[in-house]
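Below: one structure, written as structure tokens.
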Amino acid sequence: MKLINHTSVVKHMKPRLVINILFKSLFFAATLFGLLVLGILLYRIFTQGIAYLDMQFLQSLPSRKPEQAGIKTALVGTIWLMAVVAPISLSLGVGTAIYLEEYAKKNRFTSFIQVNISNLAGVPSIVFGLLGLTVFVRALSLGTSVLAAGLTMSLLVLPIIIVASQEAIRSVPKELREASFGMGATKWQTIVHVVLPAAIPGILTGGILALSRAIGETAPLVVLGLPLFLAFLPKSVFDMFTVLPMQIYNWTGRPQAEFQSLAAAGIIVLLVMLIIMNSIAVLIRNKYQKRF
Amino acid sequence: MNATMEKQRVRIVQGEEKQVEMENKNIVYKTDQLNLWYGENHALKNINLDIYENEVTAIIGPSGCGKSTYIKTLNRMIELVPGVKTSGEIAYRGRNIFDRSYGVEELRTKVGMVFQKPNPFPKSIYENVAYGPKIHGIRDKKILDQIVEKSLKGAAIWDEVKDRLHQNAYGLSGGQQQRLCIARCLAIEPDVILMDEPTSALDPISTLKVEELVQELKKEFSIIIVTHNMQQAARISDKTAFFLNGEVIEFTDTNKIFSTPSDKRTEDYITGRFG
Ligand SMILES: Nc1ncnc2c1ncn2[C@@H]1O[C@H](COP(=O)(O)OP(=O)(O)O)[C@@H](O)[C@H]1O
Ligand SMILES: [Mg+2]
């Protein structure tokens, strides 16, 4: 006796296929919606800003006269910021990840730390701004310097780097560690020569994504009190500075239409930097993607 | 611990004492009343085993009987598992490996290990073999070159890889990878080689090559090999230990264990009645 009636199965085939197509179109529309919004945004910014985007724009100091204004201080400031954030956040983040994955015993204390790192990643960035204002700007009297902002931003992106590095380290197969230990290597030699080389693509990818978050963030810097307008370049990490998002924020706040266009041009510069960094992350991931 | 050179009595478990005349061979590993627990799980029970120099000792038994646990205890790899407790003693060349003063790194430079699944590093063939010597402080390029060549020849893979030493080891076949892992292990010039089912992930031809290699290697090294393949144990080993539920049921000459086993359970196992 057959338990499945094939004629009835065939009869019900049609509605099933219709539902299949319906959902496919629905999800496609959802994807399209996101793309469309991004497209409109990019279109608006490019049509508005592209006319102002030239070498003069990149090389001039800000000015009250829109035709002379440029983005040099903000661009240089953003590069300074990255130069401080990258080494601090990477060394602290990777160090923490190595400790948690390789050395720490799995107990209540380490799982408490683990949970809090994940929580930290969800804390609104403005809270990090308040922390930076209290600790770095005021208590340590660093003022609105590159260093104060860099330290604040490092704390902000630290959880991202820790989590990404932990995942990269965890994905190194334990067989490779065993092979190394089996030859009499110490834990440190195993970490340096086996674990880190295999984890580095993941760590770098996470690091670059974290950095691109840092150069796009504005809220914490507003709280720190970074100047909206600055006509000189920082000479050391203790100098005042400003960054691209602050400069853009400044321009968008002005009534003249020319400044709106300058803001658009500034956004293009920022976007290009972000796209370049994300592409580097993708390239690294593809180049080193290894099958274990 | 001093009488390792004299004629030995091999005590067969079950209390039944049989005198077996041994040649004058050194004992490499002497396991004395070893017990091991994974948390509450009593995985090794009162193990007594003597491993001799320049012999192949096979460890057989159904899966889960403690073969891997035992072989990993010999180089203390087992300590990577959290919650492992041991009692009893394992003497390597007369010195208890559980002694506080015995560093695992020191022990493992003497005792190499080959794993079940080939596990080369994602580095070049050359770098894989040079890894061990390098971590032990050898920097001289000429010496490293010599070690790499000697080890690859020792593992019977030199001819296959000599033209591509600087290519990634992941490009090799499974069988070649396993022989590379053996070469990597030879590169630290160990005294003992531990092998945990080294051919279970390999095709029959690669298996044969590794078996031939083991025969060759025993001239220079003492080898302990875990296998679930009884024909393999019979083909390549001098002595065989039969493990069951964490106990050594029988440990004697391979010829004897396969022709006239003295325990009913050994007989049942080797005739394929269980396991
Ligand atoms: N990492 C581990 N943690 C807890 N128990 C384990 C672990 N490894 C093995 N065991 C247990 O120890 C016993 C022996 O296992 P094992 O030595 O791997 O057997 P074999 O290699 O003979 O198949 C089994 O009961 C197994 O469940
Ligand atoms: Mg096993």
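Protein chains get the first letters and strands the later ones, always in sequence-line order, with residue 1 at the start of each. All heavy atoms count here, side chains included; hydrogens, waters and symmetry mates do not.
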Identify which part of B:P82 has an atom lying under 4.5 Å from any heavy atom of chain A, answering side chain, backbone, both or neither. neither
B:K85 atom NZ, neighbour heavy-atom count above 12 within 6.0 Å: yes
Work out which heavy atom in B:E105 is nearest to a heavy atom in A:T186; give both atom names and the distance. CG-CG2, 3.9 Å
For A:L58, I'd like to know if atom CG has over 12 heavy atoms of other residues, nucleotides or ligands within 6.0 Å. yes
Once you round to the nearest 0.5 Å, how far does OG1 of B:T109 lie from CE of A:M183? 11.5 Å
Look at atom CD of A:E175 and say whether more than 12 heavy atoms of other residues, nucleotides or ligands are closer to it than 6.0 Å. yes
Toward chain A, the part of B:R76 with a non-hydrogen atom under 4.5 Å: neither
Return the minimal non-hydrogen interatomic distance between A:T190 and B:Y131, and the atom names on each side. CA-OH, 4.1 Å
Minimal non-hydrogen separation, B:M77 against A:G182, with atom names: CE-N, 3.9 Å
Rounded to the nearest 0.5 Å, what separates atom NE2 in B:H136 from atom CD in A:Q189? 7.5 Å
At a heavy-atom separation under 4.5 Å, does B:K134 approach chain A through its side chain, its backbone, both, or neither? neither
Can you tell me how far the CG atom of B:D196 sits from the CD atom of A:E178, to the nearest 0.5 Å? 9.5 Å
Could you tell me the separation between the CZ atom of B:F115 and the CG atom of A:L176, rounded to the nearest 0.5 Å? 10.0 Å
I'd like to check A:P197 versus B:F121 (side-chain heavy atoms, cut-off strictly below 4.5 Å). Are they in contact? no
Near A:K106 NZ, under 6.0 Å, is it more than 12 heavy atoms from other residues, nucleotides or ligands? yes
Taking every non-hydrogen atom, the tightest pair across B:I135 and A:A185: CD1-CB, 3.2 Å
What part of B:V114 is in contact with chain A, defined as an atom under 4.5 angstrom from a non-hydrogen atom: side chain, backbone, both or neither? neither
Heavy atoms from other residues, nucleotides or ligands near OH of B:Y102 exceed 12 (cutoff 6.0 Å): yes
